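First comes the structure, then the notes that go with it.
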Number of protein chains: 2
Amino acid sequence: MKKPPTIKDVADLAKVHAATASRALNPQTRDKVSARTANRVLEAAKSLGYAPNSAARSLRTKTSSVAGVIIPDLRNPVFPPIVRGIEDALREAGYMALLGNTDGNTERENELLLAMRGRQTDGFILATGRRADPAPPDGVPTVLVNRRTDIGDIPSVTCDNTAGVFSAVRLLVDLGHSRIAHVAGPQELSTGWERRRAFLDAMAAFDLEVPPDRIQMSTAFTEDAGHIAAQRLPVDITAIIAGNDLIALGCYSALERFGLQCPRDVSVVGFNDIPFANQQRPALTTVRIPHYGMGFESARLLLERISAPTSPAKRVVLPVELIRRDSVAPCSR
Amino acid sequence: MKKPPTIKDVADLAKVHAATASRALNPQTRDKVSARTANRVLEAAKSLGYAPNSAARSLRTKTSSVAGVIIPDLRNPVFPPIVRGIEDALREAGYMALLGNTDGNTERENELLLAMRGRQTDGFILATGRRADPAPPDGVPTVLVNRRTDIGDIPSVTCDNTAGVFSAVRLLVDLGHSRIAHVAGPQELSTGWERRRAFLDAMAAFDLEVPPDRIQMSTAFTEDAGHIAAQRLPVDITAIIAGNDLIALGCYSALERFGLQCPRDVSVVGFNDIPFANQQRPALTTVRIPHYGMGFESARLLLERISAPTSPAKRVVLPVELIRRDSVAPCSR
DNA sequence: TTGTAGGCGTTATCAA
DNA sequence: TTGATAACGCCTACAA
């Protein structure tokens, strides 16, 4: 178990001084070195399998090229592609991701933020979407993904929830539906709140009534919670827009329980287009959101902020796409 | 945005030398300092909001309390729960996870290993293990999860693929099947190889023939690859054991294409029990593996190795469970 | 273009 | 028990 090579080893092998090796190794300063020496150094580095010691570099430069990524739970199917997108964008810039799960627990989130900041994290990407979250640790660049705060003081990357719900409502209206219900996600999360908001706006735009009992709150973005909430809906509805796909699946099972068939009796639209949405019976009509792209963009935005921390807080909104499958049909009642 | 306090600031405030402050702050060495001074230092630290600079500490101690986790692709549904388990176990020990995806690309894997090692990673958990992978070069503690090498020189956490396949074969045999086929995963991966091996052994144990064309290789653990491989199977088979669930879904669509019904004409068994396996039509019978537990155990094992690097390489094998659903039925032919 | 020197914050070793 | 000192590996003025 020998110790990894240092820049000194590389320099010795290339017969230059460590300072020169440093300049040759760093693309930023490479042009302050003759091309010939630079090549020699680069080759020496490769032959030794040299990797810069980032602790030393961090100590010197006060940056770590590491971003903290904090999400509620990786097992929620929306997050893997987001995290993957983040990682790909970070990698392009030589950054890596420190990952942490909070299970929606604020205390744990704060612990994680503290622990990561102690590890010299250059910035944070948070997907832990409460609407009223306190501003993150000051001075450390932060970007929100898939959520945003009510006051727009933190840069964020979200998808166009409003347009997505509007297109779903429009589709149902075009199919003749008017008694449309909404099983909303948790209202303390920006996604749950925005989609309910958009639902009300869209229904109003189409001059359709929404009696209070046609909106039921699901306590979580899960199939079980959706099932429970859907059972409270009145029986005269002909279509449901669900807060997300898992809630939509909960609606499926609730309908089944009431002896109703989808889409014959009730149409259902989800949100997210998770994997396997197209394999459900019936295949789920849903609003596809660009998970990977949102992750990717959020990392780009973070990198931007890291290099220009005082730039104004952008809010990026990515377009969504309605994917029509078998869970919607013309209104029969 | 003023710079954070250093140990020197704490020492000055407590009127001691920095070295003493360091001893007082570190629980390990606290007893080398008088209780009175220790208290003074601790209070000074708190009042300044002191947090140690982990870059400096890493530089000095060569440890970082960070583990590198390298997987092929987070979007593959088996990995999120594994990674989550890893993270939970690491957190218990004050560790964090640096995550990297390789897409099965060896070059990228080496890049990642290098970059992570440069970041002072204390150890690695690899879920990318090809069977013939050489040991990681440089004595950095490493654990494989969900994979292992043919020579057992690297600690690993896997599930009992052999028992899983045996129980699947037994179920099918009990249902009267004898012309059982296997759509195997990639043979350079230990999971693909072990399951095929176990299939042959199990069939032999039940005195059943396996003509060569009843084993077809899938080039990847994906639905598409499974579909393609399944199309090459002879038509007289009455049951398929798939290398994993995604391959099993590929078998579903291949059967459909041949006008065969599952389970009426052909029974299908998968492996892994990914989310939504129970929502397929028909609901997939499969071998459930303890994803989260494997991740958790692998992190525990890594921590063990970090504290005792020369201990013998354990190989942990976790039990699996056959989940019977609607994709198997008594043999009708 | 290259070398020299100093310091980032912490901790381990040695001396008092 | 405490203090002084050096060193971890890298980067960057500054000097040559």
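In this text, all values refer to a predicted model and were calculated from it rather than measured experimentally. Hydrogens, waters and symmetry mates are skipped; everything else that's a heavy atom, side chains included, is used.
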So which protein N/O to nucleotides 1-5 of chain D N/O distances come out below 3.5 Å?
unit_1	atom_1	unit_2	atom_2	d
D/dT2	OP1	B/S34	OG	3.3
D/dT2	OP1	B/T37	OG1	3.0
D/dT2	OP2	B/S34	N	2.9
D/dT2	OP2	B/T37	OG1	3.0
D/dG3	OP2	B/H17	N	2.9
D/dG3	OP2	B/T20	OG1	2.6
D/dG3	N7	B/R23	NH2	2.7
D/dG3	O6	B/R23	NH1	3.2

Determine the minimum heavy-atom distance between A/I7 and A/A18, stating which atoms define it.
CD1-O, 4.1 Å
Identified side-chain contact (heavy atoms from CB on, under 4.5 Å) counterpart of B/L113 within the set B/L126, B/T142, B/T102:
B/L126
Would you say the side chain of A/R30 lies within less than 4.5 Å of the side chain of A/L42, judging by non-hydrogen atoms?
yes
Below 4.0 angstrom from OP1 or OP2 of C/dT10, is there any side-chain N or O of B/Y50?
yes
To the nearest angstrom, how far is B/K8 atom NZ from C/dG7 atom C1'?
14 Å
Correct closest heavy-atom pair for A/Y95 and A/A67 would be CD2-N, 4.3 Å
Quick one: list whatever passes salt bridge (Lys or Arg N to Asp or Glu O under 4.0 Å) with B/K314, sequence neighbours left out.
B/E304
Nucleotide C/dT2, atom P - distance to CG of A/N39 in whole Å:
12 Å
As a check of understanding: the bend across the helix from C/dT1-D/dA16 to C/dA16-D/dT1, end axes from five pairs, rounded to 10 degrees, works out to 40°
Could you check if a side-chain atom of A/R315 sits within less than 4.5 angstrom of a side-chain atom of A/T158, using non-hydrogen atoms only?
no
Dump the pairs, protein N or O against N or O of nucleotides 6-8 of chain D, anything under 3.5 Å, distances to one decimal.
unit_1	atom_1	unit_2	atom_2	d
D/dC8	O3'	B/K62	NZ	2.8

Side chain of B/Q187, backbone of B/G192: donor and acceptor closer than 3.5 Å?
yes
Rounded to whole Å, please give me the gap between CD1 in A/I7 and P in C/dT2.
14 Å
Over how many whole Å does the gap from A/D12 atom CG to C/dG3 atom P extend?
11 Å
Scanning both residues in full, the closest heavy-atom pair of B/M116 with B/L98 reads CE-O, 3.4 Å
What's the CG-P distance between B/L25 and C/dG9, to the nearest Å?
15 Å
N/O donor-acceptor pair under 3.5 Å between B/R91 side chain and A/N101 backbone:
yes
Distance check needed: C/dT10 C1' versus B/Q120 CD, whole Å only.
14 Å
Sort and list the pairs that fulfil salt bridge (charged side-chain N to carboxylate O under 4.0 Å, His left out) and have at least one residue in residues 31-50 of chain B, not counting sequence neighbours.
none
Scan residues 289-300 of chain A for pairs that pass side-chain hydrogen bond (donor to acceptor under 3.5 Å, both in side chains), counting only residues two or more places apart or in two chains.
A/D88-A/Y292
To the nearest angstrom, how far is B/Q28 atom CD from C/dT10 atom P?
18 Å
